[in-house]
Amino acid sequence: MRYWLLLALPCILGCRASHQGRTAADKNLQEELRTSLTRAVAQYKYLGATVPAHRFPRTFEQGKLQTTGADGWVSGFFPGTLIQLYRFSGDTDLRATAQQKLNELRSQQYNQHTHDLGFMMYGSFGQALSLFPSAGYDTVLINSARSLCSRFDPKIGCIRSWDSDSSHFLVIIDNMMNLELLMHCFHVTGDSLFYKVAVTHANTTMQHHFRVDGSSWHVVDYDPKTGRPQRKQTHQGAADSSAWARGQAWSLYGFTMMFRETGDQRYLQQASRIASFILGHPNWPSDAIPYWDFNAPGIPNAYRDASAAAVMASALLELKEYAKTPDKKRYKTTAVKILRQLSAAPYRSSGDEAGGFLLQHSVGHFPKHSEIDVPLSYADYYYVEAALRYLGLVHPKQ
Ligand code: GLY
């Protein structure tokens with residue numbers, strides 16, 4: 001998500017990129033994505049007009065917008081999506097709403113009670129950096145990174161995900177996504193603490209979070225006394241032994257990003273193993289929109305998770321840049337298939353029937369009976385990111 005380019009006239013630049021070596025099918029998808037993003041601009045204006053001050057869109061259920069406060073883990077996705085759509089369209093209404101929401105989010109830079117600061121702050125202020133270079137957003141990000149590092153335990157070698165009593169130290173696979181904030185702040189400040197915490201967390205996760213087949217557990221509970229894992233389990237998946245789809249997506253994205261940021265080949269190998277698990281799984285559907293868990297009861301009648309699909313598409317579009325044939329082709333083909341599916345019914349909403357959200361049919365927390373088969377703000381965020389990556393309007397390495 002390090003987007004330092006294309007402040008102006010992104011469509012023109014995208015069109016230029018699109019005519020270089022692209023097939024007719026590629027051009028077709030480009031047109032579909034441009035149409036979809038143009039519609040998204042209007043939908044997000046609608047969402048911006050309906051969300052109350054100091055609240056952030058979470059989902060839309062039974063005809064009602066559900067929101068979170070600034071301290072909720074999804075708070076950054078709405079401003080982050082607005083900024084991405086502003087980058088695409090240049091629409092200043094989107095920019096104004098984004099800036100208002102960033103101001104409402106700012107206080108979270110000092111929040112030491114969550115590991116989700118990468119999602120919340122880098123997904124928003126990080127997106128805004130290149131567009132508003134004098135707004136002091138790097139200071140916000142550096143303070144956020146310091147807050148995140150306060151949760152690191154050197155004995156365990158991880159950032160604590162969820163607070164718990166002193167006999168547990170819980171780390172979830174999702175936490176890989178928060179390392180991008182630290183890597184950004186390392187590049188900006190040169191402070192090796194950020195680098196050490198990010199790399200140590202990634203290495204510990206690589207060692208303990210994965211099964212031999214390349215899938216990951218959702219939660220590893222470390223013993224704070226010994227620093228060793230004492231239990232591996234799930235929270236949002238179907239079973240401790242299952243592969244929760246969004247968890248696999250977070251790990252794919254996280255290790256691809258860590259390879260980009262460090263050049264460490266082990267992270268690339270890890271990302272490739274995760275991709276092999278996902279794409280080779282017998283329950284990987286032919287339309288490439290995963291079931292909410294690879295081992296969900298009731299497959300093929302289990303719910304799909306558009307959010308996991310969107311994260312996977314964005315990650316695969318980056319991973320293909322580093323991969324060799326035939327994986328390169330496979331990753332691209334899959335990302336394209338996902339983008340095509342997500343850009344049409346039943347996933348892509350056509351108007352305001354989903355309250356302004358773009359994607360329908362995601363699953364938030366199935367075991368808690370929460371957010372099942374609904375729109376989710378992060379599904380939209382990664383869908384837009386993947387679309388912009390495909391269009392060549394942003395590139396993670398630039
Ligand atoms: N990080 C929480 C989730 O993916 O639902």
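Below, all heavy atoms of this structure are taken into account, side chains as well, without hydrogens, waters or symmetry copies. One-based numbering, in listed order, for ligands and for the atoms of each.
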Give the ring-plane orientation class for [X] versus [Y], where under 30° counts as parallel, over 60° as perpendicular and anything between as tilted.
X: F132; Y: Y86; result: parallel
X: W250; Y: Y382; result: perpendicular
X: F366; Y: W292; result: parallel

Exercise for review: Please determine if W250 has a nitrogen or oxygen closer than 3.5 Å to a nitrogen or oxygen of ligand 1.
Suggested key: yes
Review point. Does any N/O atom on W73 come nearer than 3.5 Å to any N/O atom on ligand 1?
Key: no
Review point. Name the one of K232, R211, R231 that satisfies salt bridge (charged side-chain N to carboxylate O under 4.0 Å, His left out) with D240?
Key: R231
Revision key, fill the gap. So the atoms of ligand 1 within less than 4.0 Å of a heavy atom of D174 turn out to be 1 (N), 2 (C), 3 (C), 4 (O)
Review point. By number and element, which atoms of ligand 1 are closer than 4.0 Å to a non-hydrogen atom of R246?
Key: 3 (C), 4 (O), 5 (O)
Review point. Can you find a side-chain donor-acceptor pair between H184 and D138 that sits under 3.5 Å?
Key: yes
Review point. If you measure from each non-hydrogen atom of Q236 to ligand 1, which part falls under 4.0 Å: side chain, backbone, both or neither?
Key: side chain
